[in-house]
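We name chains A, B, ... by the order of the sequence lines, and we start the count at 1 in each one.
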Protein chains: 2
Amino acid sequence: MAQGVQGRVTLKDVAARVGISPAAVSMALSGRSRISAATVEQVKAAAAELGYVPSSAAKALRNQRSGVIAVIVPNSTQHVFGHSYFMQVLTGVSSAANERDLQVLVSTSASEASGLTAYERVMRSRTADGAIVTSSAIGDPNIERLTAGGLAVVLIGNYPELPGTTSVGIDDVAASRMVTEHLIEVHGKRSLLHVTGPLDHQTAVDRREGFLDAVRAHGLLAASDVVEGDFSERAGYDALDGRRLGADGFDGVVFANDDMAFGGLQLLRRTGLSVPGDVAVVGFDDFGLSRITDPGITTVHVPAEQMARLAAERLIPRIEDPTAAPTRDDLEVSLVLRESCGCAREDVVLLRN
Amino acid sequence: MAQGVQGRVTLKDVAARVGISPAAVSMALSGRSRISAATVEQVKAAAAELGYVPSSAAKALRNQRSGVIAVIVPNSTQHVFGHSYFMQVLTGVSSAANERDLQVLVSTSASEASGLTAYERVMRSRTADGAIVTSSAIGDPNIERLTAGGLAVVLIGNYPELPGTTSVGIDDVAASRMVTEHLIEVHGKRSLLHVTGPLDHQTAVDRREGFLDAVRAHGLLAASDVVEGDFSERAGYDALDGRRLGADGFDGVVFANDDMAFGGLQLLRRTGLSVPGDVAVVGFDDFGLSRITDPGITTVHVPAEQMARLAAERLIPRIEDPTAAPTRDDLEVSLVLRESCGCAREDVVLLRN
DNA sequence: CTGAAAGCGCTTACAG
DNA sequence: CTGAAAGCGCTTACAG
């Protein structure tokens, strides 16, 4: 605790105190060596007394490993509701990192166009041994740049165009099909609208595909439609604005995420249509919002924290060997039934994967 | 871009390519030195061609500065609604850090009791040059430990018991008084209940004081009451459960944050009481939730992102000189009027500070 | 004005 | 079995 005002306590100081070499102190502290038990005791006592804290910079330089993993956040986390997703990611990564005494660096893109991107920041600094990328557009060249730079990388999401990468995600197609079928099979909806996310993101493409699979399988393709959104509340509102809805129009809307569903709910309320009476609504994500709204939004629960934790666990061995064979993990999702689809109370049904 | 599979490109490699010493390359790249313009050009070209990325570890060791600032998150960010607050903090800190090419490390406490605390993590690793602490209990010894360890520290919040520390926050007393007076003066409420946060946190103490100031000033102390909560949705619900509310009880409730207000709203709905008709409700924070609920919650907008940005800006000079005189900044808050107090539409009134 | 040496604080391969 | 040397990749104070 008694740290000198000037300069830090180093191995040398501890060594001087005990009367051995810094190398011996290092070995004593690391435990994995042939230093007598008595000396180890002395060293530990001296280190504690002097308030010795190893220099992470020196360790990193010597070991060629920083013990830091980066979480890369593309610009997308602007909207408030993205916050919860990202915090779940951060929590998941941190819990895995903490167990292994790794540090977590967060790299965000500057909001102004001027700055470096989150990717460049991580590559330029070489502070991290590996990176977790939470979401990026189809064909984003930055991911390949990261891996080409020798960094270990794990992606969260689905990247079919990058078969060489390790990723953790969910089966968006199956999940979207499932929630769509819920509207059709349980609530008897016959004319469905799907509001997609931005279609340069695989998630949006996959959720659209699941929707189309479901309506096609039930012979409802002709009575259904798809409109492109961008995951924002505004887009959900606009997507329904001016549409024929209710008795002589769409009797159900499948939004590709909850934010858009909330926007849609606002339009429906303003229009005087009841949910789920006139129009049933479902969303996707369950990051917090869907429980709060009135009515609550029936949605697909995406286990963001678990995904992130698993991503970190997949990353750690890749730091040792970035060329190890890539892996892919799909986590299970569940359908959370609330009022917006017509189900009475909140209830959770497990989705078969 | 052409980085070798084994090992990284170092100054030495660039130097060999150009035919000068590593030291000269370092100087050429740093710009601030007497290397001929022609050589500088050559060096830059060679560095780009070889894909040279400086080693942050070597730089940190040599400069005795890592270029990393830590954001310390105590356990509190468990609840989903804390997510938004913390993301605003992260965004604010990152934007200031990005401008100065600093990296942002996030340190969270392990959820299990086993692990190290977020504080220990930062101190033990010495990876960061400075730290921003977002919230901690009154008398938490960790803060003094951090500063004693020679780390530059800036706190977000109010810490009257630590006069020697630099902090950024808001005037909770004034803000709480203001929102309470709104219920009294604008909506004519005469019997008010205050649900506090955990009283080992200064924020909770200050907001209670503001509430008491207001009811006292209007001669309503006898008709009012205070009950302790803990900032959780559940606590807001429980605080109202079994109380006399409405016509023959409390006609207004001042919650110390929005999460508790949301919990209270749920109890009131279950009880069949109307908001704001029977009971007016106000919250505090405006981190996202209060806009979503039905009715929307009238609340005090806390500028978390700006607070965090300013905290980072105050931190940076303190890294140069951790003994510099401490500073205190109070940011302005605003009252956001929604339906829960009885105001018709959303509107923003600036709070005089 | 320029080049080479020293040293930041570690850890491990090597000499004794 | 133990101690001292080498070296990770930088930057700057110093010698020429």
Side-chain angles (χ1 to χ4, degrees), chain A residues 3-4 6-40 42-43 46-47 50-68 101 103 124-129 149-150, chain B residues 3-4 6-40 42-43 46-47 50-68 101 103 124-129 149-150:
Chain A
Q3 180 149 348
Q6 336 243 32
R8 316 183 22 197
V9 176
T10 70
L11 278 185
K12 215 165 82 178
D13 301 314
V14 179
R17 177 67 150 247
V18 181
I20 58 177
S21 71
V25 174
S26 170
M27 292 172 142
L29 256 21
S30 79
R32 50 167 173 270
S33 184
R34 68 292 147 85
I35 305 285
S36 75
T39 308
V40 168
Q42 274 187 73
V43 167
L50 295 171
Y52 169 70
V53 178
S55 156
S56 55
K59 269 177 127 137
L61 179 58
R62 164 70 222 210
N63 297 336
Q64 297 288 78
R65 187 139 304 167
S66 65
V68 173
D101 251 304
Q103 309 259 31
R124 285 201 356 149
S125 76
R126 275 239 163 239
T127 300
D129 298 327
Chain B
Q3 179 148 346
Q6 336 241 33
R8 316 180 23 194
V9 177
T10 70
L11 277 186
K12 215 165 80 177
D13 301 313
V14 179
R17 177 70 149 243
V18 180
I20 58 177
S21 73
V25 174
S26 171
M27 292 172 142
L29 256 21
S30 79
R32 49 166 176 272
S33 183
R34 67 291 148 85
I35 304 286
S36 74
T39 306
V40 168
Q42 275 187 71
V43 167
L50 294 171
Y52 170 70
V53 177
S55 156
S56 55
K59 269 176 124 138
L61 179 58
R62 165 69 223 209
N63 297 337
Q64 297 289 79
R65 185 139 305 166
S66 65
V68 173
D101 252 305
Q103 308 259 32
R124 287 202 354 150
S125 77
R126 275 240 163 235
T127 301
D129 298 326

To the nearest Å, give me how far apart [atom1] ([X]) and [atom2] ([N]) are.
X: A:R62; N: D:dA5; atom1: CZ; atom2: C1'; result: 11 Å
X: B:Y52; N: D:dG9; atom1: OH; atom2: P; result: 10 Å
X: A:K59; N: C:dT12; atom1: NZ; atom2: C1'; result: 14 Å
X: B:N63; N: D:dC8; atom1: CG; atom2: P; result: 19 Å
X: A:L61; N: C:dC8; atom1: CG; atom2: P; result: 13 Å
X: B:R8; N: D:dC8; atom1: CZ; atom2: C1'; result: 11 Å
X: B:K12; N: D:dG7; atom1: NZ; atom2: C1'; result: 9 Å
X: A:L29; N: C:dC10; atom1: CG; atom2: P; result: 10 Å

Taking all non-hydrogen atoms of both residues into account, name the closest pair between [X] and [Y] and its distance.
X: B:P22; Y: B:A15; result: N-CB, 3.5 Å
X: B:V43; Y: B:V18; result: CA-CG2, 4.0 Å
X: A:D129; Y: A:S66; result: OD1-N, 2.9 Å
X: B:T10; Y: B:Y52; result: C-CE1, 3.6 Å
X: A:D13; Y: A:R8; result: OD2-O, 3.6 Å
X: B:L50; Y: B:V9; result: O-CG2, 3.2 Å

Open item on the list: Give me the stems containing DNA chain D, sorted by first residue, counting only three or more consecutive Watson-Crick or G-U pairs with both distances under 3.5 Å; say none if there aren't any.
Closed with: C:1-3 with D:14-16, C:5-12 with D:5-12, C:14-16 with D:1-3
Open item on the list: Could you tell me if the side chain of B:T39 sits less than 4.5 Å from the side chain of B:I20, heavy atoms only?
Closed with: yes
TODO: Flag the pair A:L11 / A:L29 as yes when at least one side-chain heavy-atom distance between them is below 4.5 Å, and no otherwise.
DONE: yes
Please tabulate, one pair per line, each protein N/O and nucleotide N/O from nucleotides 1-4 of chain D that are separated by under 3.5 Å, including the distance.
from: D:dT2; atom 1: OP2; to: A:R34; atom 2: O; distance (Å): 3.0
from: D:dG3; atom 1: O6; to: A:R34; atom 2: NH2; distance (Å): 3.4

Task: Closest listed nucleotide, where the reference is the side chain of A:A58 and the choices are D:dC10, C:dC10, D:dG9 - done: C:dC10
Task: Side-chain N,O (B:Q64) to OP1/OP2 (C:dG9) below 4.0 Å - done: yes
TODO: Enter the distance from B:S26:OG to B:K59:NZ here, rounded to the nearest 0.5 Å.
DONE: 8.5 Å
Open item on the list: So A:S26, base contact, sugar-phosphate only, or nothing? Heavy-atom distance under 4.0 Å.
Closed with: base
Task: Inter-nucleotide P distance (D:dG7, C:dG16), Å rounded - done: 16 Å
